[in-house]
Amino acid sequence: MNNMTPRLDGAPNLRVGIILARKFTLSAFALLVDHLRLAADRNDNSRPIRCQWTVMSEQSEPVRSSCGIPISRDTGLRPPSEFDYIVVVGGLLHGTEQVGEQTLAYLRQAAGLGVTLVGICTGVFVLCRAGVMKNRLCCVSWYHRQDFIEEFPDHAVISDRLFIADRNRISCSGGAGTADMACSLIEKHFGKSTAQKASHVLLLERQAARQQNLLQPTPPLMKEIRLTTNAHVKRAAMAMEQNMNEPVSIGVIAEQLGLSPRHLVRLFQTEIGMKPTDFYRLIRLRYARALLRQGDMSITEIAIETGFSDCAHFSRQFKARFGLTPTELRLMSGAGGAFAPLAPSQDNYAGVRLFEEA
């Protein structure tokens, strides 16, 4: 539906209710509100004429963000029918209850009335806890993917998009992806020029073509694959990184990308210079070496964490890659020795998040 035609009742064309989870991400909230603010006025006075946003909370005291800055509510939980969208802005997952039971019940009520619900960052966790994301695809940041799978094993999840709309549910990976999601809503209701205005004023770059399948900015794993811009290779590599402790087959990854396994192999050979199976093994072994450096886990635990069937198999693969067994490498680390480098032909292309070469 395009809501550029003014409402007959004189109300704003776009009405957004915002619920802030405890320890919410301030940047995601700010990006959402600033885009709405810039779309709301026909000039530059920030008047909420065409668009209205309301910060709601079941508690009267301000909600504190993850960086410690508190935001006061405008009102308590208003009737869901007053809004076109109800947005939950999430943040830190652990150490605090994100929202109370009253808010979860409110979200269920809104879902029953057909109001579109939006989860930003870990806000999608809140929607899932409310039980309103069943049979809906959930988009989360690659950083929170494992947390999501552990808490919601029966929910379909993707971690390579900025945001995704599945009927009247929208989930967004958060961060800068919030800007793309907000622009998409503004474009839907007010047109492309208004969405572009918001981006230009905020000095944010937008994709030339408006798509809902924009890839998330790649995690640090991909920063070391400097010579490829192929989206299929990047998404396959992200899938590998997100499934290191329980590796999935290349056939499954290819199917998820809509490719044949043979096509994916050709892409990896062309873009990375190695087979996808070899690349998958390499990032797991490099991750294992990072864990060995940290010294917090036993070699058996590291073998399991990086998806090897047993210690003997892990040790053989590790020695073939680095020239030392895990035990020898750990002993060298304890003695302050240097680590064996990767072969130059492969070290130029691959890496694993959370650590760099010594």
Residues which pass ring-ring contact (aromatic ring centres under 6.0 Å, His included) with H155, listed by chain and number, not counting sequence neighbours:
F152

Please check if the side chain of E246 supplies one atom and the backbone of N243 the other of a donor-acceptor pair under 3.5 Å.
no

Find out if a path of hydrophobic residues (ILVMFWY) with successive side-chain heavy-atom gaps under 4.5 Å connects L20 to L92.
no

Heavy-atom distance under 4.5 Å between the side chains of V115 and N168, does that happen here?
no

Do V87 and L32 have side chains that get closer than 4.5 Å, going by heavy atoms?
yes

I'd like to check I253 versus M240 (side-chain heavy atoms, cut-off strictly below 4.5 Å). Are they in contact?
yes

Verdict with supporting geometry, D166 and R169, salt bridge (charged side-chain N to carboxylate O under 4.0 Å, His left out):
CA-CA 5 Å; D166 188 346; R169 299 288 185 274; over 6 Å; no

Any non-hydrogen side-chain atom of T116 less than 4.5 Å from a side-chain atom of D84?
no

If you apply the rule side chain to side chain contact (heavy atoms under 4.5 Å, CB included), what do you find for W53 with R15, and how did you get there?
CA-CA 6 Å; W53 55 95; R15 303 167 301 175; over 6 Å; no

Within the structure provided, determine whether K23 and S65 are in side-chain contact (heavy-atom separation under 4.5 Å).
no

Are F24 and I120 close enough, and set up right, to give a side chain to side chain contact (heavy atoms under 4.5 Å, CB included), and what steps lead you there?
CA-CA 10 Å; F24 69 94; I120 296 178; over 6 Å; no

Using side chain to side chain contact (heavy atoms under 4.5 Å, CB included), reason through V233 and I272 one step at a time and then give a plain yes or no.
CA-CA 9 Å; V233 172; I272 305 297; 3.9 Å; yes

Exam field: side chain S173 to backbone L162, donor-acceptor pair closer than 3.5 Å:
yes

Can any side-chain N or O of H35 pair as donor or acceptor with the backbone N or O of L31 at less than 3.5 Å?
yes

Checking K275 against F268 for the side chain to side chain contact (heavy atoms under 4.5 Å, CB included) test, could you report, in this order, the C-alpha distance in whole Å, the side-chain angles of both residues, the deciding distance, and whether it holds?
CA-CA 6 Å; K275 296 178 182 178; F268 265 80; over 6 Å; no

Quick check: closest heavy atoms across L329 and L324, and the distance to 0.1 Å?
CD1-CD1, 3.9 Å

Would you confirm whether Y280, through its side chain, and S249, through its main-chain N or O, come within 3.5 Å as a donor-acceptor pair?
no

More than 12 heavy atoms of other groups within 6.0 Å of E151 CD:
yes

If you measure only the distance, is there a donor-acceptor pair under 3.5 Å linking the side chains of R37 and S46?
yes

What pairs with K197 under salt bridge (Lys or Arg N to Asp or Glu O under 4.0 Å), at least two apart in sequence or on another chain?
D44

Salt bridge (Lys or Arg N to Asp or Glu O under 4.0 Å) with E101: which residues, sequence neighbours excluded?
R108

Using the rule given for ring-ring contact (aromatic ring centres under 6.0 Å, His included), can you reason through H189 versus Y85, listing the C-alpha separation, both sets of side-chain angles and the distance that settles it, and then say yes or no?
CA-CA 12 Å; H189 287 267; Y85 300 89; 5.5 Å; yes

Is the closest side-chain donor-acceptor distance between T122 and Q98 under 3.5 Å?
yes

What are the two closest heavy atoms between L291 and R330, and how far apart are they?
O-NH2, 3.8 Å

ILVMFWY network linking L257 to V265, side-chain heavy atoms under 4.5 angstrom:
no

So, using salt bridge (Lys or Arg N to Asp or Glu O under 4.0 Å) as the criterion, who are the partners of E61 when residues are at least two apart?
none

Is the side chain of S199 donor-acceptor paired with the backbone N or O of Q196 at a distance under 3.5 Å, no angle test?
no

For residues 302-314, which side-chain donor-acceptor pairs fall under 3.5 Å, sequence neighbours excluded?
residue, atom, partner, partner atom, Å
E305, OE2, Y287, OH, 3.4
T306, OG1, I302, O, 2.7
T306, OG1, A303, O, 3.4
D310, OD1, A312, N, 3.1
D310, OD1, H313, N, 2.7

Please identify each residue that fulfils side-chain hydrogen bond (donor to acceptor under 3.5 Å, both in side chains) with Q269, with sequence neighbours left out.
none

NZ/NE/NH1/NH2 to OD/OE distance under 4.0 Å, K319 and E328:
no

If you take all heavy atoms of A237 and F279, which pair is closest and at what distance?
CB-CE2, 3.9 Å

Does the distance from a Lys or Arg side-chain N to an Asp or Glu carboxylate O, for R281 and D278, drop under 4.0 Å?
yes

Which heavy-atom pair separates Q317 from L285 by the least distance, and what is that distance?
O-CD1, 3.8 Å

Looking at F190, I'd like to know if the NZ or CZ of R50 sits under 6.0 Å from its six-membered ring centre while staying within 45 degrees of the ring's axis.
yes

Which heavy-atom pair separates G251 from P261 by the least distance, and what is that distance?
CA-CG, 4.0 Å

Does a sphere of radius 6.0 Å around CZ in R167 hold more than 12 heavy atoms from other residues, nucleotides or ligands, not counting ones at 6.0 Å or beyond?
yes

Parallel, tilted or perpendicular, as decided by the 30° and 60° cut-offs, for the rings of F125 and F148:
perpendicular

Side-chain donor/acceptor of T25 to backbone N/O of A28, under 3.5 Å
no

In short, A236 meets L264 closest at the heavy-atom pair CB-CD1, 4.1 Å

